[in-house]
Amino acid sequence: VAIKEPMKAHVKSIPGPKSILYLKRLKKLNGAWSFPHPFVHSDKSQGCYIQDIDGNRFLDFASQIASNPLGYNHPDLLKVVKRYNTHPIKFAGQDFVIKEHIDMLEELLSIVPKSLNAAFLVNSGAEAVENAIKVCMRKRPETKYGISFEHAFHGRTLGALSLTNTRSVYKKNFLQLPMQRLPFTREATTTLLRLVEEEGSQENIGFVIIEPIQGEGGYNLPVEDLLGSVRKITKKYNIPLICDEVQSGMGRTGKWWAHQHFDIVPDVMSVAKALQVGACISSKEMFPEPGAISSTWGGGHRMDLALGIETIHIIQREHLLSSIQGQGKYLKERLNELNLTNVRGLGLMVAFDMPTKINRDNLVLECLKQGLVLLGCGKQSVRMIPPYIITKEEIDEAVMILERAVKVSSQKGFKHRGKICEFIECN
Ligand SMILES: Cc1ncc(COP(=O)(O)O)c(C=O)c1O
């Protein structure tokens, strides 16, 4: 669909009357209600703009939580969607073979470090993490515990949740795998060495898992050489290192994988979101014996696999990795002009801080009311993760809305009011 004139965000009312009807039904029936954005998508979204069923238009700096990297209705992705007009679209992909499964393995393995030469396709990020830790543990019969980081987020299934150290609401009353935590600071290496040398044998450590840039825990960049020194120690003691690239991978930071900024190669990777399917990636020797790991739908979502493959092709064809670096730099420059605190990030994985959590939540909601979709992360940070096709003009529009929203929401005694408060976690 050709875009004739530049689009702009435009909000009449949020939630609009049609969305309200749906949101009420959802709130009543959804067992996992967690305050979704208070509008309902239409299929008329285009590029970096979301259009809802009430005709509101929002500039999208959330990208479906980093899972929709090429915006809405990308013409090349639409062509893929149109190709799939037979049934079933989903096959039991580990037990019945479809072509897309093999094509995806080849495409994916062509963009990861050479030593990682096999992958197992699954359904989600958490499932990718689950399998990453299983792959490690199968090779380590003496495993007594695993190691993750403070503020880490690796998903919410029980295994992955054990590695997650963000919000207590995710964990309350749930049984956990035995874990040790490292600080996401320079001190990590001292703690890791102490664990290796003091707490029984290094054979007892099943794996170390790290997000090269922490995502939901606050868009925290590692201190210089954190990844390098963790890699050195894990290599020396033969402990498998997993990089969780579910959020930071697939080009988001301007390289295919965020760990490439730090010159390391992990033993195992978990990937999902922008890939459209989940994947646990490692060396063929690292994977367990036949029959040890599987999943009914894994490797069987024909359309998702084809969309993931085309996503890789588009990123290559349109040279998006370098434009992500350029646009990310521009976004950070523009944010710094607003004197925001702790503007940080790599590529289009950018964040800044607000003085308090309440300020942050108020700002994110005010932006939404003015047509800019953002997400919070960590205690009081705001993340900005637009689609890779974002233009400078769209960044300027986002920064303009943000500036206005900061002014409005920072006023003394500011409070959101009205219908919207029925559907959001309102301060
Ligand atoms: C780094 C990381 N790992 C794992 C997950 C879990 O992915 P999913 O929600 O697809 O299960 C996420 C999700 O946000 C993530 O950011």
Side-chain angles (χ1 to χ4, degrees), residues 32 34-37 61-69 119-136 146-167 169-171 174 177 179 181-182 184 207-222 227 241-253 256-259 261-262 266 268-281 295 297-299 301 304-305 307-308 311 345-351 374-378 381 383-385:
S34 57
F35 307 102
H37 284 73
F61 270 60
S63 297
Q64 303 294 316
I65 325 194
S67 301
N68 189 38
F120 167 45
L121 300 182
V122 291
N123 305 281
S124 68
E127 212 186 326
V129 169
E130 293 288 341
N131 283 286
I133 64 181
K134 281 168 74 177
V135 161
C136 296
I147 296 179
S148 67
F149 282 78
E150 286 167 7
H151 313 295
F153 186 86
H154 297 291
R156 283 174 257 212
T157 53
L158 278 177
L161 184 64
S162 309
L163 327 178
T164 288
N165 294 310
T166 51
R167 298 168 64 181
V169 67
Y170 298 151
K171 290 206 173 205
F174 297 153
L177 292 176
M179 292 296 297
R181 279 183 212 179
L182 302 182
F184 199 68
F207 57 88
V208 175
I209 183 164
I210 188 165
E211 293 158 274
I213 300 173
Q214 289 191 324
E216 119 124 27
Y219 274 37
N220 306 315
L221 284 155
L227 273 100
L241 176 66
I242 306 167
C243 276
D244 183 352
E245 295 267 12
V246 167
Q247 185 152 173
S248 57
M250 280 295 289
R252 173 58 55 193
T253 65
W256 279 115
W257 314 105
H259 71 256
H261 290 278
F262 308 102
V268 185
M269 263 166 74
S270 46
V271 178
K273 287 190 185 277
L275 185 65
Q276 308 303 300
V277 294
C280 165
I281 309 171
S295 164
W297 294 131
H301 304 246
D304 291 351
L305 289 163
L307 287 169
T311 298
L346 287 175
L348 287 171
M349 187 171 182
V350 172
L374 296 173
L375 294 167
C377 64
S381 307
R383 51 183 145 169
M384 299 189 86
I385 42 175

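Remember, it's 1-based here, ligands and their atoms both numbered in the order they're listed.
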Chemist: Tell me if a side-chain donor or acceptor on E211 pairs with a main-chain N or O of F153 at a distance below 3.5 Å.
Modeler: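 A pair under 3.5 Å: yes.
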Chemist: Show me, by chain and number, every protein residue that has a heavy-atom distance under 4.0 Å to ligand 1.
Modeler: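 Around ligand 1, where the cutoff is 4.0 Å for heavy atoms, the contacting residues are S124, G125, A126, F153, H154, G155, E211, D244, V246, Q247, K273.
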Chemist: Is there a donor-acceptor pair under 3.5 Å between the side chain of Q214 and the backbone N or O of P212?
Modeler: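 Judged by distance alone, no pair lies under 3.5 Å.
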Chemist: For R181, give me all partners under side chain to side chain donor-acceptor pair (under 3.5 Å), at least two apart in sequence or on another chain.
Modeler: N165
Chemist: So, taking the atom named CD in Q247 and the one named CE in M349, what distance separates them when rounded to the nearest 0.5 Å?
Modeler: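 Here the interatomic distance stands at 4.5 Å.
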Chemist: Would you say H261 and T253 are linked by a side-chain donor-acceptor pair, where the criterion is simply a distance under 3.5 Å?
Modeler: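 The answer is yes; a qualifying pair exists.
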Chemist: Can you measure from OH (Y170) to CG (L161) and round to the nearest 0.5 angstrom?
Modeler: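 Between Y170 OH and L161 CG, I get 9.5 Å after rounding to 0.5 Å.
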